[in-house]
Amino acid sequence: MSALTLIIGNRNYSSWSLRPWALLTHLGLPFDEILIELDTPTFATQIRQHSPNGKVPALRDGDLVVCESIAIMEYACELAGGRGWPAERPIRAEARSVASEMHAGFSTLRQSCPMNIRARGRRVASSPALAADIARIDAVWSSCRERHAARGPWLFGEYSAADAMYLPVAFRFQSYGADGLGTLAREYMATALADPVIAPWVKAAEAETQRLPSEETGATP
Ligand SMILES: N[C@@H](CCC(=O)N[C@@H](CS)C(=O)NCC(=O)O)C(=O)O
């Protein structure tokens, strides 16, 4: 049994759960998992046994409960001695900026294109707000890759919490298309999706049988 327990939702749908899971796994921090299926009559009772905010993810470390994905990721980086954020302060500040931007924003993309790892070839109606979210993600990814390619394949060269934060976006683009993404952003998306560290999560997501109608968005042409 590990000291840490991460409480997560369905692997196929729970983008907020995936983010800290990917970071903890990249950091090599051992942790146990408790999966609570979303949108079931018992979800609320089950999650309240672990986390006061009634949402997944939550991280338990002994008596401490950390909720909110970004706070869990900060805590994980502290446990890992500062790994998980870039070492240089200005670059670390930028990584925190774009990670926070993801945590707080992109609401149109998140609402109209829910993460659905199994889904392929879905199409959703385009809108100026959706196009603006995609354009901003393209700008973030492209600018990071342009400046940090010499240090490695991730947004800031080495893998960081910012990569974990944007990982569900790569799955969304895989499911619903990514019209408007430039070459550097497409290359980064391919790197994120091919990451061997997340392969067990993807395999388990594909094996899940629960289907949530509210998350099954987008017509297949
Ligand atoms: N801001 C939170 C969002 C967490 C969240 O919305 N989780 C969803 C699943 S991905 C949830 O628990 N939904 C169940 C509910 O709200 O009842 C975070 O960053 O962790």
Side-chain angles (χ1 to χ4, degrees), residues 4-27 29 31-61 64-79 84-85 95-119 122 124 133 137 140 160-176 192 198 201-202 204-218:
L4 300 175
T5 303
L6 185 67
I7 297 106
I8 58 172
N10 306 46
R11 288 184 177 81
N12 187 56
Y13 299 114
S14 185
S15 61
W16 293 115
S17 302
L18 169 58
R19 293 171 166 109
W21 187 96
L23 182 64
L24 284 159
T25 309
H26 261 277
L27 291 174
L29 294 171
F31 63 97
D32 293 324
E33 290 171 28
I34 294 176
L35 190 152
I36 304 178
E37 286 192 341
L38 295 164
D39 216 7
T40 62
T42 54
F43 175 83
T45 323
Q46 286 183 281
I47 187 60
R48 295 259 175 217
Q49 288 166 9
H50 300 286
S51 180
N53 77 344
K55 290 187 188 301
V56 287
L59 183 73
R60 255 190 7 222
D61 185 0
L64 174 69
V65 178
V66 188
C67 38
E68 288 293 321
S69 53
I70 198 155
I72 296 171
M73 291 161 80
E74 288 287 1
Y75 186 69
C77 292
E78 285 190 21
L79 288 179
W85 289 115
R96 282 202 165 104
S97 297
V98 298
S100 303
E101 189 177 350
M102 179 73 245
H103 187 246
F106 300 111
S107 57
T108 304
L109 176 72
R110 290 200 274 108
Q111 277 157 25
S112 45
C113 304
M115 188 178 89
N116 183 347
I117 289 177
R118 293 187 296 253
R122 303 284 179 99
V124 293
D133 276 358
I137 287 166
V140 169
S160 77
D163 298 290
M165 217 15 130
Y166 281 89
L167 174 58
V169 175
F171 284 113
R172 289 176 159 104
F173 288 160
Q174 175 173 253
S175 298
Y176 305 95
I198 59 151
W201 177 288
V202 174
E206 285 168 351
E208 283 176 352
T209 52
Q210 192 197 13
R211 285 177 71 80
L212 297 183
S214 60
E215 309 298 301
E216 291 292 336
T217 312

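Ligands are counted one by one from 1 in listed order, and the atoms in each one are counted from 1 as well.
- Counting all heavy atoms, side chain and backbone alike, G54 lies closest to R48 at N-NH1, 3.7 Å.
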Go through it in stages, so that I can follow the logic: the residues are E216 and R122, the test is salt bridge (Lys or Arg N to Asp or Glu O under 4.0 Å), and I'd like the CA-CA distance, side-chain angles, deciding distance and then a yes or no. CA-CA 10 Å; E216 291 292 336; R122 303 284 179 99; 2.9 Å; yes
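- Residues L59 and L24 meet the side-chain proximity criterion, which asks for heavy atoms closer than 4.5 Å.
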Pairs under 3.5 angstrom, nitrogen or oxygen on both sides, ligand 1 versus protein: list them out, please.
| residue | atom | partner | partner atom | Å |
| --- | --- | --- | --- | --- |
| ligand 1 | 1 (N) | E68 | OE1 | 2.7 |
| ligand 1 | 1 (N) | E68 | OE2 | 3.4 |
| ligand 1 | 7 (N) | V56 | O | 2.8 |
| ligand 1 | 12 (O) | V56 | N | 3.0 |
| ligand 1 | 16 (O) | K55 | NZ | 2.7 |
| ligand 1 | 19 (O) | E68 | OE1 | 3.3 |
| ligand 1 | 19 (O) | S69 | N | 3.2 |
| ligand 1 | 19 (O) | S69 | OG | 2.6 |
| ligand 1 | 19 (O) | H103 | NE2 | 2.7 |
| ligand 1 | 20 (O) | S69 | N | 2.9 |

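- Among pairs with a residue in residues 31-45, those fulfilling salt bridge (charged side-chain N to carboxylate O under 4.0 Å, His left out) read R11-E33, at least two apart in sequence or across chains.
- Side chains of Q46 and T42: a donor on one and an acceptor on the other come within 3.5 Å.
- In this structure, a donor-acceptor pair under 3.5 Å is absent between the side chains of R211 and Y13.
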